[in-house]
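Everything numeric in this text was worked out from a predicted model, so none of it was measured. Side chains are part of it too, since the values below use all heavy atoms of this structure and drop only hydrogens, waters and symmetry mates.
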Amino acid sequence: MTLVKTCVHYHFLPFCLHFDRWKANVMHLFIQPAVGITPRNCGQGPVKALEEARALLASIGSPSPTTPSTNDRVHALIYQADALVDYGREMLHAYPYREVPSYWREFYTDAGILKALALGFSAFRGRDEGGGVGVGGGLEVVAVDVEPLKVAIAVCDNVLVMAGASGERRRDLVFEMLDYLETEIENGQDQKEDGAAPMVKRQKLSAAATAPTVVKEKVKLGEEPDQEPIPEIHFPILRIHLPTMDEFQQHVNGGGVEGASGVPIIITGGIDHWPARERWTDLETLCRTAGPDRLVPIEIGSQYTDEQWTQKLVTMREFIQAYILREKHSGTDDGGNDDGTNAKAATAEIGYLAQHDLFAQIPRLRRDIDIPDYCMIGPNDQEGYDPPDDVVLNAWFGPRGTVSPMHTDPYHNLLAQVVGRKYIRLYAPKETSKLYCYGNESQDDKEGEGEGEGDGGSSMLGNTSQVNVEEPDLERHPRFAEAEYLETILAPGELLYIPFQWWHYIRSLSTSFSVSFWF
């Protein structure tokens, strides 16, 4: 018993040091609270509750005999921070995503940081002997529970996804906490498997080295035997091998490449050097690199124009098992029904990790790719085109059968196909009148009426066509038959240039991972 207690306590000391440093950093940040968190913006009650939670955090570690026990203070902080997180979430959902005031993002971020810290500390169970917390304190640690650490990771991911970890230096702190929490989970799981605590302090191990297996069989993504039939290509897109930067800029701005001018082209050889080209074909490696317990936002449904389409947050492990491998399993990872009905139902649904900046949320994935140099050109001014300050990255990861309905993007786009194949069809801006976009009452048959209205669809989907591209209803959309288009099967390792204002429809033929670069 003495040996185990000594070893676990030794394992606990590094956490105490990290906790004390994080607490000091948080308290330093909170000396000057996020600019927008004021009674005028957030209300007197919420601001006071946040200040009380900060004060409670400050009390943890104080060896005062007049304060409640350490465990009581930690649990009280979890309770208070949880209430603050719930309130902040309600305020985030009270606005359209792009219109959420910055002070509510900051409020949610600070509440989440407090909750994650308290959960992290609660993972180290023990009895309080009155001496407080930290090296040399009175908390005698006897066990490590990884479950609160997993919940803390989920809290941090919610802060990143929902609020962008808003506030001065909050983002760096959240990333530091995530990195350490993941390492502690790995160490705790190893300890459980070994049946005893480690005799020596473990070196920090990467997620790729120690995460639990999520794939029962070796799966090479994009090469599964069960794939969608390959459509016949009638109007192919020109493929060009590694055009020079000058050639590409001239093409984008109307000069043309090999006779083409300002139209979509496919660039071959442009991402062959990416580590992702090999690493992301292995599902186990991909999951371990991302982190199996990291939360990611996914879309549920074949396409976002479906009535039943919805969104939710799941762990990377759950997403891969339920929607990529489509395994049936009992129980859920994140608080779902424990009878397995959710997971079994998910196998019949399509889940899509779509249009999400996964690389800002999980930076270690960013190391497997590069922003193509072609994104650094200077496109000419066009009506409606407002170039972004930086290249905008988004991940698109899902099984075969995912569909992006025909739509336009607000920028020029380079779509990198890392894994799998996609069927893509593109229409020039001059064909817009034949494509029946939502909310356009000037087209034949007044196709904006009915569909998309009532739920704000006509305004929310103004860049989206109502036409089912591969199986069009020509009685409802007769002019669509006249629209000219280009099409392709985008293969692994290829870059598709989609010009500004060009309509595009995309359907995955296999499990697929793509990265879009808006510029």
Residue pair Phe248, Tyr497: steps toward the ring pair (Phe, Tyr, Trp, His ring centres under 6.0 Å) verdict: CA-CA 10 Å; Phe248 183 68; Tyr497 166 60; 5.3 Å; yes
Which atom pair, heavy atoms only, marks the closest approach of Pro399 to Ile350? CG-CG2, 4.3 Å
Just by distance, do the side chain of Arg105 and the backbone of Gly167 share a donor-acceptor pair under 3.5 Å? no
Quickly, which of Leu353, Ile324, Leu286 forms a side-chain contact (heavy atoms from CB on, under 4.5 Å) with Phe513? Name it, please. Leu286
Close side-chain approach of Asn41 to Trp104, heavy-atom, < 4.5 Å: no
Which distance, rounded to the nearest 0.5 Å, do you find between the CD of Gln311 and the CD1 of Ile298? 10.0 Å
With distance as the sole criterion, is a donor-acceptor pair present between the side chains of Asp368 and Trp280 under 3.5 Å? yes
Checking Arg326 against Phe319: charged group under 6.0 Å from the ring centre and within 45 degrees of the axis? no
Do Arg288 and Arg317 have side chains that get closer than 4.5 Å, going by heavy atoms? no
Applying salt bridge (charged side-chain N to carboxylate O under 4.0 Å, His left out), which residue pairs with at least one partner in residues 401-411 are found, sequence neighbours left out? none
Rounded to the nearest 0.5 Å, how far does CD of Glu299 lie from NZ of Lys312? 13.0 Å
Side chains of Ile153 and Leu178: closer than 4.5 Å at any heavy-atom pair? yes
Looking only at heavy atoms, the pair that brings Gly351 and Ile300 closest together is CA-CD1, 4.2 Å
Looking only at atom types and distance, does a side-chain atom of Asn413 sit under 3.5 Å from a main-chain N or O of Ile498, one as donor and one as acceptor? no
Can you list, pair by pair, the side-chain donor-acceptor contacts under 3.5 Å of residues 374-396, counting residues two or more places apart and other chains?
{"from": "Tyr374", "atom 1": "OH", "to": "Pro243", "atom 2": "O", "distance (Å)": "2.6"}
{"from": "Gln382", "atom 1": "OE1", "to": "His412", "atom 2": "NE2", "distance (Å)": "3.3"}
{"from": "Tyr385", "atom 1": "OH", "to": "Phe519", "atom 2": "O", "distance (Å)": "3.0"}
{"from": "Asn394", "atom 1": "OD1", "to": "His356", "atom 2": "N", "distance (Å)": "3.4"}
{"from": "Asn394", "atom 1": "OD1", "to": "Asp357", "atom 2": "N", "distance (Å)": "3.4"}
{"from": "Trp396", "atom 1": "NE1", "to": "Ser516", "atom 2": "OG", "distance (Å)": "2.9"}

Quick check for you: to the nearest 0.5 Å, what is the distance between Ile113 atom CD1 and Met177 atom CE? 6.5 Å
Return the CZ to CZ distance between Phe359 and Arg367, rounded to the nearest 0.5 Å. 13.0 Å
Note: Leu414 and Pro372 closest approach over all heavy atoms is CD1-CB, 4.2 Å
Does Leu426 reach the side chain of Ile424, with side-chain heavy atoms less than 4.5 Å apart? yes
For the pair Gln303 (side chain) and Trp309 (backbone), establish whether a donor and an acceptor sit closer than 3.5 Å, ignoring hydrogens and angles. no
side-chain contact (heavy atoms from CB on, under 4.5 Å) assessment of Val296 paired with Leu313: CA-CA 5 Å; Val296 291; Leu313 288 167; 5.9 Å; no
Glu494: salt bridge (charged side-chain N to carboxylate O under 4.0 Å, His left out) partners, not counting sequence neighbours: Arg239
Please table the atom pairs, donor to acceptor, closer than 3.5 Å between any side-chain atom in residues 76-90 and protein atoms at least two apart or in another chain.
{"from": "Asp82", "atom 1": "OD1", "to": "Lys115", "atom 2": "NZ", "distance (Å)": "2.5"}
{"from": "Asp86", "atom 1": "OD1", "to": "Arg89", "atom 2": "NH1", "distance (Å)": "3.0"}

Distance-only side-chain donor-acceptor flag, Tyr180 / Glu184, under 3.5 Å: yes
Side-chain donor-acceptor pair present, Glu106, Ser166, cut-off under 3.5 Å: no
Qualifying residues under side-chain contact (heavy atoms from CB on, under 4.5 Å), relative to Ser508, sequence neighbours excluded: Thr402, Lys422, Ser512
Beyond-backbone contact of Tyr103 with Met91, side-chain heavy atoms, under 4.5 angstrom: no
Does the pair Arg366 and Ile371 meet the rule for a side-chain contact (heavy atoms from CB on, under 4.5 Å), with working shown? CA-CA 10 Å; Arg366 176 68 176 77; Ile371 296 177; 3.5 Å; yes
Contact between Asp282 and Leu221 at the side-chain level, heavy atoms closer than 4.5 Å - yes or no? no
Return the minimal non-hydrogen interatomic distance between Asp370 and Phe517, and the atom names on each side. O-CZ, 3.8 Å
In Å and rounded to the nearest 0.5 Å, what is the OG to NE2 distance from Ser465 to His504? 12.5 Å
Test side-chain contact (heavy atoms from CB on, under 4.5 Å), reference Thr464, set Pro405, Ser404, Cys437, output is Pro405
Pair Leu56, Glu52 - check side-chain contact (heavy atoms from CB on, under 4.5 Å), show working. CA-CA 6 Å; Leu56 185 55; Glu52 290 174 348; over 6 Å; no
With sequence neighbours left out, what residues match Trp503 under side-chain hydrogen bond (donor to acceptor under 3.5 Å, both in side chains)? Thr432
CG of Leu117 to CG of Leu57: how many Å apart, nearest 0.5 Å? 6.0 Å
Just by distance, do the side chain of Thr285 and the backbone of Thr281 share a donor-acceptor pair under 3.5 Å? no
Main-chain N/O of Gly420 paired to Gln417 side chain as donor or acceptor, under 3.5 Å: yes
Tell me, with the steps shown, if Ile185 and Asp293 meet side-chain contact (heavy atoms from CB on, under 4.5 Å). CA-CA 10 Å; Ile185 288 174; Asp293 296 305; 4.1 Å; yes
Find out whether Val159 and Tyr108 are in side-chain contact, i.e. whether some heavy atom of one side chain is under 4.5 Å from a heavy atom of the other. yes
Quick one: are Leu160 and Arg294 in side-chain contact, heavy atoms under 4.5 Å? yes
So, does Glu147 use its side chain to make a donor-acceptor pair with the main chain of Leu149 at under 3.5 Å? no
Glu182 with Arg364: basic N within carboxylate O range, under 4.0 Å: yes
Would you name the heavy atoms of Pro429 and Gln501 that are closest together and state the gap between them? CG-O, 3.5 Å
Keeping the roles fixed (side chain from Asp179, backbone from Phe175), state whether a donor-acceptor pair exists under 3.5 Å. no
Whether the side chain of Arg171 engages the backbone of Gly164 through a donor-acceptor N/O pair (distance < 3.5 Å, no angle test) should be reported. yes
What pair of heavy atoms forms the shortest contact from Tyr97 to Val161, and how long is it? OH-O, 3.7 Å
